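Predicted model, so just to flag it, every value in this text is computed and none were measured. Atoms within each ligand, like the ligands themselves, are counted from 1 in listed order.
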Amino acid sequence: MSRADATRKGHTVTQNEEGIEAGQITIPPRYSRQVLFAGIGREGQARIMASRVVQVGCGALGTIQASLLVRAGVGTLRIIDRDFIEESNLQRQILFDEGDVQNLLPKAVAAERKLRAVNSLVHVEGLVEDVNGSTVHRLLDGFDLILDATDNFDARFLINDYAVKTGTPWVYGACVGSYGLTFPVLPGETACLRCVFEKAPPAGVSPSCDTAGVIGPIVGVIASMQVTEALKILAGRRDRIGRSILTFDLWENRGDAIALPPRDPECACCGQHRYEYLDGSLGATATTLCGRNSVQICRREGLQIDLEELAHQLAPLAPLEKNKFLLRAVIDNYQLTVFADGRAIITGTSDPALARSLYARYVGA
Ligand SMILES: [Zn+2]
C-alpha cells in the first residue's frame with residue numbers, strides 16, 4: 001500500500017466510523033472504495049445494498065460471481081446448486097478447498113458458509129436444489145437480477161423464459177477451454193437469449209468443460225464481466241450497460257465485442273411470448289426407470305445425434321462401445337447409453353436431476 005493510500009484509508013475510517021449517509025441508508029465504511037468509484041457513489045451503493053440477487057449454479061463461474069457480489073455488499077444473495085464438490089473442481093472453483101471435498105459438502109452449502117464469514121452484512125442463502133420447470137418459480141421469484149452460472153443450454157433457455165416472462169434482467173455467461181462469452185439480457189429492451197441463439201446447439205457437437213477442459217483464467221474473466229454488468233444494473237446505471245456480446249479467447253490472445261442483434265419480433269420467447277422451456281414443450285425430460293437404477297433422458301425436439309462425432313469427443317474420457325444405433329460409455333461409474341435420436345439411458349442413478357446434469361456434461365445441450 002502506498003503512503004497516499006494509507007493516509008486516505010486512515011482518513012476514510014475516521015470520518016466514516018458511523019458510515020456514510022445516503023438518503024436514509026447508512027453505508028458501512030467497508031464499502032468506501034466502491035463509494036469512491038464515481039460510477040457507483042453513495043446512491044449506487046445504497047441501491048446495491050437494497051438489492052436481491054439470485055445465482056443459478058455455483059461451479060466455476062458461480063464461485064467467482066458469488067465472492068464478488070458478497071464483497072460488493074448486495075442485500076441478499078441466493079445461490080442455487082444441486083451438486084457436491086469434487087477434487088477436479090478445485091482447479092477453478094475458487095471458494096472451495098480440500099476439506100470441502102473430504103466432507104462431501106454440497107457446493108451451495110460450502111459457498112454459503114464461506115461467504116457469511118466474508119461479509120456478515122449480506123444475507124447469503126445457499127440452496128441445494130435443481131432449477132427446472134417445476135421449481136423455477138419457487139426458486140427465482142422475488143429477485144431483482146439473475147446471474148447465469150449454469151453449464152448447459154436447457155438451463156439457460158429456462159432462465160431466459162422465466163426472465164422475459166417476469167421482466168427480470170439476467171446476465172448470460174459461458175466458458176469452455178480458454179474461450180468464453182457474456183452478454184446481459186434486459187427483457188423488453190435488449191435481445192433475449194433466443195433472439196441470439198434460436199435453439200441449443202445439437203447434442204454431441206459442442207464441446208463442454210467435461211469433454212474439452214477449461215482453464216481458470218477465462219472463468220475469472222467471464223464471471224467478472226458478468227458481475228460488472230450486474231453492478232451497473234443494481235446501482236441503477238442502465239446507461240452504462242453493455243449492448244454487445246463480449247467474447248474472449250485468452251490462449252489465442254483474442255477479444256471481441258459483437259453488437260447484440262436487435263430484438264427479433266419473430267423470437268418465440270420475447271417476440272411471441274411462447275415460453276417453451278418454461279411450459280415444458282422444449283428441453284429434456286428425465287424419467288426414472290423403475291427398478292433399473294436408471295434414468296431415461298429424452299429431447300422433446302427429437303433431434304438427431306451424430307454418434308460418430310460424440311464418440312470422437314468421449315473417446316479420450318472413457319472406453320466406448322458403438323454400433324450404428326447407439327453409443328455406450330462408462331464415465332465416473334455411470335453408464336451412458338446414447339441413441340441416435342438424442343435419447344439416453346443413464347444407469348447408476350435414479351436421480352433425474354443428476355442424470356440430466358450428466359447428459360448435459362457429456363452429450364450436450
Ligand atoms: Zn427474444
>> Quick check: is F84 connected to V131 through a chain of hydrophobic side chains (ILVMFWY, heavy atoms under 4.5 Å apart)?
In response: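 Per the 4.5 Å side-chain linkage, V131 and F84 are not co-clustered.
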>> Show the nearest heavy-atom pair for residues L69 and V227, with the distance to one decimal.
In response: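 Closest approach of L69 to V227: CD2-CG1, 4.0 Å.
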> With a 4.5 Å heavy-atom cut-off, do R52 and H123 have their side chains touching?
Replying inline: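 Not in contact.
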> Do the side chains of L158 and L278 get nearer than 4.5 Å, heavy atoms only?
Replying inline: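 Side-chain contact under 4.5 Å: yes.
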>> Do S134 and N132 pair up side chain to side chain, a donor and an acceptor below 3.5 Å, judged on atom types alone?
In response: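 Distance-only check passes for S134 and N132.
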> Can you list the protein N, O or S atoms less than 2.8 Å from the Zn ion (ligand 1)?
Replying inline: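 Hits for the Zn ion (ligand 1) below 2.8 Å: C192 SG, C195 SG, C267 SG, C270 SG.
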>> Please determine whether the number of non-hydrogen atoms from other residues, nucleotides or ligands lying under 6.0 Å from atom CG of N333 exceeds 12.
In response: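 At most 12 heavy atoms, drawn from other residues, nucleotides or ligands, come within 6.0 Å of this atom.
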